[in-house]
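Note that the structure is a prediction, hence the values are computed from the model and not measured. Protein chains get the first letters and strands the later ones, always in sequence-line order, with residue 1 at the start of each.
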Amino acid sequence: MATLADTAAPSRDRFARARTLHWLLAGALILASITSLQVGATDVTLSAMLSKLAQGEALSHMERVVLIDIRLPRLAMGVLVGGALAVSGTVMQGLFRNPLADPGIVGISMTAGLGAIVSIVLGGLLPVWITGLTGNYLTPIAAFLFALGTTILLYRVSTRHGRTSVATMLLAGIALGALSGAASGVLVYMADDQQLRDLTFWQMGSLAGASWAKVLAATPLITLAIGAAMMLGRGLNGLALGEATAAHIGSDVQRMKSIAVLSVAGATGAAVAVSGGIGFVGIVVPHLLRLASGPDHRTLLPNAALLGATLLILADVIARVIIAPAELPIGIVTAILGAPVFLWILLTRRGLVEQ
Amino acid sequence: MSLIAESIRVSYGRQEVLRGIDLTAQPGKVTAIVGPNGSGKSTLLGAITASLPFTGQVSLNGRDIGGMKPWELAAQRAVLPQQSRLAFPFTVIEVVRLGLQSGTAGDCPTVPMRALARVGLAHYAEREFHELSGGEAQRVMLARVLAQVWAPVEDGLPRWLLLDEPVSSLDIAHQLQVMQIARDFARAGGGVIAVMHDLNLTAIYADRVAILAEGRMLAFGTPCEVLTDDILSRAYGCDLRVSAPPQDGIPYILPHVASA
Ligand SMILES: Nc1ncnc2c1ncn2[C@@H]1O[C@H](COP(=O)(O)OP(=O)(O)OP(=O)(O)O)[C@@H](O)[C@H]1O
Ligand SMILES: [Mg+2]
């Protein structure tokens, strides 16, 4: 017969393990960042530049451009987008109490995609002052606005008398996703060759367009959204027992759901806006972390941000080097790596899904 | 300092399910709510716990629950729902700890293990909740609820256990154990409201019994007062006979002598 102390220990270990993971994942993120600065299409390397600096030499113009204008913003965007996608996946799954929920599932990514397609195909019809104002950012801005609009609409549709029905929200999301898929299909028919190429590239997702301007545009929204999500840990834990029980153990469920929806809209909208449709990060990252250290959202959320950022940076490194000097869209890399992991999780952990 | 519900009405769509219920539960007593399926027992508990829209008034320890924040309510009462689901693979001890997250003064790290030991499942702490049998899962959920309001009295105020069919999946030994837990909680100064189907357990453990039928309170009183042939037969719509006890005056109902 085990004593109380014996039986209490391992579970504290699981929480402690999740805490230790904070540091391990932070370390991994730093390593991945260094790798990402080190490699690229040109043979400029971080180590060479550092040793140059150490000997008091100045960097060449080309080295400065590669490091400061190309690789650093790209790294920053990878961190932002990876963290945003993984955290919004985690929040969505907690909110819907379904480990397969993802911003993709409730139609947010689909409508963001529609926004992008609309801007690419019909952008030419807009008055000049708008296109002049938005410049190259027309597509990301449209994607972001559509994502935000969908989330708010979904929230309105599924909230009656101050209560949000998760089931209604899911089903409405599926309907909206299907609708925007159809609308996108019609627009694709209308597109010319050049537009089609833009579309496929955007749809597959890429960090290739990273610039400091985009990073600066996405940073406030994404950090705000991720910061808000970090406060949801306890609430989402309670929600695992159902909305009524979450309230019974002291959560302000309505407030928590509002914060969750807003943070998902902000993070997904901004991420999709600057990088296109990068899939699987939001589903695979929380799954892996739950396997490693349990489903406690208090540790899951920060770990998801770290692991999401790390994985996206690494995927981006792969995308850059695998067919260098050309470059694969990162969405293809995450899908190739993510889909089998996802299937493997489904096959080995059916209990996660079948309830 | 009691739990008072006054003229509670609840409608689902156009159908009125509770048609004006008054119920007063005293701390120190186990109050049972019995009645046929669909009579509105869970709905009444839902109104008392503010988990569904209702008209009427509910006050808990002298305060209207409408004006209380979720965490204030959670500090004073814990709720065991009729059915529990769990979305992610938490372990048993983690589930019990979820009850502590209401940020109350009782966040003592040993409470979850003691609560588990109370329902006889201390050795299950590290098991995955999803692997448990129905009855084990029900007892773990009870442990979670117990942990949330571990001290029956805090700051001079009674705390409350609101239990919807706490013994529905349990074997006879654990039925007795769980009812004893409820009684001990009440004897220590806390309040207990339990929805029950087993009339004999109700007769043994309840101090007050409310009988619901078709959304109305048919009778309210001590077990001896309300567990009568007439009231039960009307409530359940079948001919039930309450027998005279050999000792200590607790009524019992044998299904053998009932006719539908
Ligand atoms: N969400 C709902 N929507 C519509 N009707 C409902 C809903 N929940 C309960 N009802 C109806 O309200 C009535 C009372 O339900 P309630 O769950 O309170 O019964 P109960 O007394 O707890 O029954 P049981 O003994 O079977 O648990 C039933 O007729 C039921 O069909
Ligand atoms: Mg019921």
Side-chain angles (χ1 to χ4, degrees), chain A residues 1-15 90 93-99 101 160-163 166 233-256 286-287 290-291 294-298 300 349-355, chain B residues 42 45-46 49-53 69-104 109-110 112-114 116-117 121-131 141 144-145 147-149 162 164:
Chain A
M1 172 88 199
T3 67
L4 290 192
D6 284 344
T7 47
S11 189
R12 247 185 272 124
D13 278 350
R14 191 150 101 153
F15 194 69
T90 311
Q93 285 151 36
L95 185 64
F96 289 162
R97 299 189 291 282
N98 185 325
R160 294 266 162 78
H161 309 300
R163 285 162 203 273
V166 165
R234 288 186 159 219
L236 291 179
N237 279 350
L239 210 55
L241 292 160
E243 284 184 28
T245 303
H248 294 156
I249 64 175
S251 292
D252 186 337
V253 175
Q254 279 309 317
R255 207 177 81 101
M256 181 184 67
H287 266 298
R290 270 187 221 109
L291 292 179
D296 191 325
H297 288 90
R298 288 171 301 173
L300 193 58
R349 295 290 296 251
R350 287 203 181 162
L352 284 180
V353 189
E354 289 166 6
Q355 329 149 25
Chain B
S42 298
L45 217 57
T49 58
S51 15
L52 43 81
K69 298 288 181 203
W71 51 91
E72 294 177 309
L73 286 168
Q76 296 192 14
R77 58 103 179 95
V79 186
L80 181 73
Q82 187 169 1
Q83 282 150 355
S84 297
R85 294 153 301 140
L86 183 66
F88 295 104
F90 287 95
T91 62
V92 166
I93 188 73
E94 286 169 347
V95 169
V96 178
R97 285 204 195 110
L98 290 180
L100 287 188
Q101 292 188 356
S102 44
T104 65
T110 60
M113 274 316 288
R114 284 157 73 195
L116 265 186
L121 288 175
H123 54 298
Y124 272 37
E126 297 310 321
R127 292 273 299 270
E128 274 215 5
F129 182 81
H130 288 129
E131 295 170 356
M141 284 300 170
R144 171 179 70 71
V145 167
Q148 186 184 335
V149 290
L162 308 179
D164 197 347

With chain B, which of S251(A), A240(A), G94(A) has the greatest number of heavy-atom pairs at distances under 4.5 Å? A240(A)
Flag side-chain contact, heavy atom, 4.5 Å: H248(A) against L162(B): no
Highest number of heavy-atom pairs under 4.5 Å with chain A among K69(B), M141(B), E131(B), R77(B) belongs to R77(B)
With rounding to the nearest 0.5 Å, note down the distance linking CG in L80(B) to OG1 in T245(A). 8.5 Å
More than 12 heavy atoms of other residues, nucleotides or ligands under 6.0 Å from CD of Q82(B): is that the case? yes
Evaluate F88(B) against N237(A) for side chain to side chain contact (heavy atoms under 4.5 Å, CB included), listing each step before the verdict. CA-CA 9 Å; F88(B) 295 104; N237(A) 279 350; over 6 Å; no
So which part of T49(B) gets closer than 4.5 Å to some heavy atom of chain A, the side chain, the backbone, both or neither? both
How many angstroms lie between CZ in R85(B) and CZ in R97(A), if you round to the nearest 0.5 Å? 5.5 Å
Would you say that E94(B) contacts D296(A) through its side chain, given a criterion of any heavy-atom pair below 4.5 Å between the two side chains? no
